[in-house]
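For reference, the structure is listed below as C-alpha cells.
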Amino acid sequence: MKINVETTDITKAATPALVVNLFSGVKKPGGATGAIDQALEGAISHLIEDGEIKGKQGELTLLHTMGRIGPARVLVAGLGKQGDFDADVARRVSSEALRFLSRRGICEAVTVAHGAGAGGLSPEEAGCAVAEGSLLGLYRFDRYHTNGETADSEFTQLTIAERDEGRVQAIRGGVAQGRAMAEATMIARNMVNEPANAMTPSAMAETARRVAEEHGLGFEVMDNADMKGRGMGAFIGVAQGSDEPAKLIILTYEGDPANPENNLGLIGKGITFDTGGISLKPAANMEAMKGDMAGGASVIAAMQIIAQLKPRINVTGMVAATENMPGGSAQRPGDVVRAMNGKTIEVINTDAEGRLVLADALCLARERGITRLVDIATLTGAMVTTLGKACTGVMGNDDALIGDVIKAGKQTGEKFWQLPMFDEYKELIRSDVADMKNTGGRQAGSITAALLLQEFVDGAAWAHLDIAGTSTSEKASGYLVKGATGAPARTLAQLAMNLADPSG
Ligand code: BES
Ligand code: MN
Ligand code: ZN
C-alpha cells in the first residue's frame with residue numbers, strides 16, 4: 001500500500017472515502033471533522049445529537065455524501081475519551097477504519113492524521129501511528145489459498161491529509177518510521193504463520209540472510225557440527241531428534257563500533273516445530289506448535305527495523321533454530337546434557353526444549369562479549385495460564401533493563417508484566433544427578449523456566465520475555481489479525497532506540 005502525505009482541502013478531495021474522527025462526548029466537532037460537518041450542513045452533528053454517533057473507541061459510522069462534497073463517503077471513527085487517547089488508540093482506530101472500508105471493497109482513502117490535533121501527538125507520532133496501524137491491520141496471510149478467496153480488494157493507496165504545510169515533512173518522517181516497524185513485523189508474522197514444512201530452520205536462516213543482505217547487517221550461521229564442536233550440548237540434545245539440520249543464526253548491527261561495550265543482544269527461541277520430542281505432546285492443537293519459533297522471528301524482524309532506523313548502539317540478534325522431534329536419535333528423559341559453559345542439565349521432560357537451546361545461545365552471546373541480553377521465547381504454556389494473551393511476561397536479573405522493556409512497550413502498544421524470580425523457587429529445579437533439571441513440576445512453570453535460563457547469563461544484565469500467549473491472536477482486534485502478531489519485534493527495536501539515546 002502506498003501512503004502519501006499531502007496538503008489538501010479534504011472537503012474537495014476526490015476520493016471514495018475520507019476518514020475523520022471524533023472524541024466521545026464532543027457535541028460540536030472541530031478541526032477536520034468540523035469542516036466536513038459544515039460542508040455537509042451539519043450531518044455529523046445531527047447524528048451526534050440523535051445519539052447515533054457517540055465517539056466511542058471502535059465506533060465507525062459511514063455517511064454517503066451524494067455528491068455534496070469531494071469524498072464519496074465519510075467514515076467517522078470514534079477515538080474514545082480524550083483523556084485515554086494515546087498513539088496506540090491512533091494505531092487501532094487506523095486499522096479498524098481501513099479494515100471496515102476494505103471489507104466493503106473500497107481500496108483507497110484519505111485520512112486525517114489521528115491524534116495530531118486535539119489528541120496531543122506530535123506530527124511524527126501521529127504519522128507513525130497511522131501508517132503502522134493501517135499496514136498491520138490490513139495484513140493477511142493467504143498465500144496458500146489457490147481460489148483467490150481472500151485475495152480481493154487489496155488496499156492500494158492511503159493519503160494522509162494535513163492542513164498545515166509546515167507539518168507535512170514531520171508526518172512523512174513518522175510514516176517512514178511506521179512503515180519500517182510494520183513491514184518488519186509482517187515478516188515476523190509471515191514466518192510464524194508459515195507451516196513448519198516450509199519454515200524450517202534452514203528457511204529461517206535464509207530469511208535472515210535476505211534481511212541482512214537487503215539492510216546491510218552482518219550474517220553468520222552455525223550448523224550442527226559447528227555447535228557440537230563448540231560444546232553446545234544442550235542445543236544439540238534437542239536438535240538430534242530431527243532430520244532437519246539445525247541452525248544458530250547470528251545477525252549483527254554495528255551502530256557504535258568505537259564503543260563495543262555499548263551493546264545489546266537479542267536471543268530468540270526458534271523451534272520451528274515442537275512435537276515435545278519423546279515426551280510427546282497430545283494431538284489436540286499440536287499444529288499451533290509451528291509458531292514455536294516466534295521469538296526468533298521477532299528477533300530477525302527487530303534487526304531489520306534497527307538496520308533501517310540506525311540507533312547508535314551495537315546489536316546482535318541470535319536465533320536458536322531447530323525442530324523438536326522424537327526421531328530415532330532423539331534425546332531421552334533422564335539424559336544429562338552439558339551446555340557450552342560446562343553446566344549440566346538433567347532432561348526430565350524433552351518438551352521443555354526451549355530453555356535448552358536458549359541456554360547455549362546465551363552462553364555464546366556472553367562469549368562474544370555481550371553484556372546486556374534480552375531473550376524472547378514462546379517458552380511455557382504456564383505463561384498463557386498466568387497472563388492470558390493480553391501481555392507478555394517479563395522476568396530477569398536487572399530491574400533497570402526490565403523497566404526499559406516495559407517502557408519501550410508503552411511506546412509501541414505492546415504490554416509487559418513482570419513476574420518475580422525469588423530464590424525460593426530455585427529448589428524446584430534442583431537435580432539429584434546434574435547441576436539442575438529442565439522442569440520444575442507444576443508450580444510456577446514460567447518462573448522455573450526463567451531460573452534455568454539465568455544459570456547461563458553469567459552476570460550480564462538480562463531480561464527474559466515469555467511470549468507464549470502474545471505471539472498469536474485468536475481474532476482480529478485493533479492492528480492484530482487472527483494468527484501471528486509479530487510481537488514483540490517493534491518493542492525490541494524501540495528498546496534499542498531508547499538505549500542508544502537515553503535522553504530522548
Ligand atoms: N513451546 C512450548 C510452550 C508453549 C505452549 C508455547 C503453548 C505456546 C503455547 C514449550 O516448549 C513447552 O512445551 N513447554 C512445556 C514445559 C513443561 C514440559 C515443563 C509446557 O509449557 O507445558
Ligand atoms: Mn516444548
Ligand atoms: Zn517449545
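We use all heavy atoms of the structure for the numbers below, so side chains are in, but hydrogens, waters and symmetry mates are not. When a ligand or atom number is given, it counts from 1 through the structure's own listing order.
- Close approach of ligand 1 to Glu353 (heavy-atom distance below 4.0 Å) involves ligand atoms 11 (O).
- The Zn ion (ligand 3) has no N, O or S atom of Leu379 closer than 2.8 Å.
- Contacts between Thr439 and ligand 1 below 4.0 angstrom, taking non-hydrogen atoms only, involve the side chain exclusively.
- Nearest approach of Met421 to Ala450, heavy atoms of both residues: SD-CB, 3.5 Å.
- Near Asn349, meaning under 4.0 Å from one of its heavy atoms, ligand 1 places the atoms 18 (C).
- For Arg355, every heavy-atom contact with ligand 1 shorter than 4.0 Å involves the side chain, none the backbone.
- Taking only nitrogen or oxygen atoms, main chain and side chain alike, Thr380 does not reach within less than 3.5 Å of ligand 1.
- For the pair Met383 and ligand 1, no heavy-atom separation below 4.0 Å is found.
- Using a 4.0 Å cut-off between heavy atoms, Arg442 makes no contact with ligand 1 at all.
- Atom 10 (C) of ligand 1 has Leu379 O, 3.3 Å as its closest protein atom, hydrogens excluded (heavy atom only).
- Here the shortest heavy-atom pairing between Asn397 and Trp462 reads OD1-N, 2.8 Å.
- Those atoms of ligand 1 that come under 4.0 Å of a heavy atom in Met289, given as number and element, are 1 (N), 4 (C), 5 (C), 6 (C), 7 (C), 8 (C), 9 (C).
- Residues Thr275 and Asn324 have side chains that never bring a donor and an acceptor to within less than 3.5 angstrom of each other.
- Ligand 1 has a nitrogen or oxygen under 3.5 angstrom from a nitrogen or oxygen of Lys281.
- Protein nitrogen, oxygen and sulfur atoms, that is N, O or S, within less than 2.8 Å of the Mn ion (ligand 2) amount to 4.
- For ligand 1, the atoms lying closer than 4.0 Å to a non-hydrogen atom of Lys269 are 1 (N), 10 (C), 11 (O).
- Scanning both residues, Met227 and Leu248, for their nearest heavy atoms gives SD-CB, 3.8 Å.
- Using a cut-off of 2.8 Å, one finds that Asp351 contributes no N/O/S atom close to the Zn ion (ligand 3).
- The residue Ile271 has no part lying near ligand 1, judged by heavy-atom distances below 4.0 Å.
- In summary, the atoms of ligand 1 found under 4.0 Å from a heavy atom of Thr378, numbered by their order in the structure, are 1 (N), 2 (C), 3 (C), 6 (C).
- Within the 4.0 angstrom cut-off, atom 14 (N) of ligand 1 has one or more protein heavy-atom neighbours.
- Polar contact check, Gly381 against ligand 1: a nitrogen or oxygen pair lies under 3.5 Å apart.
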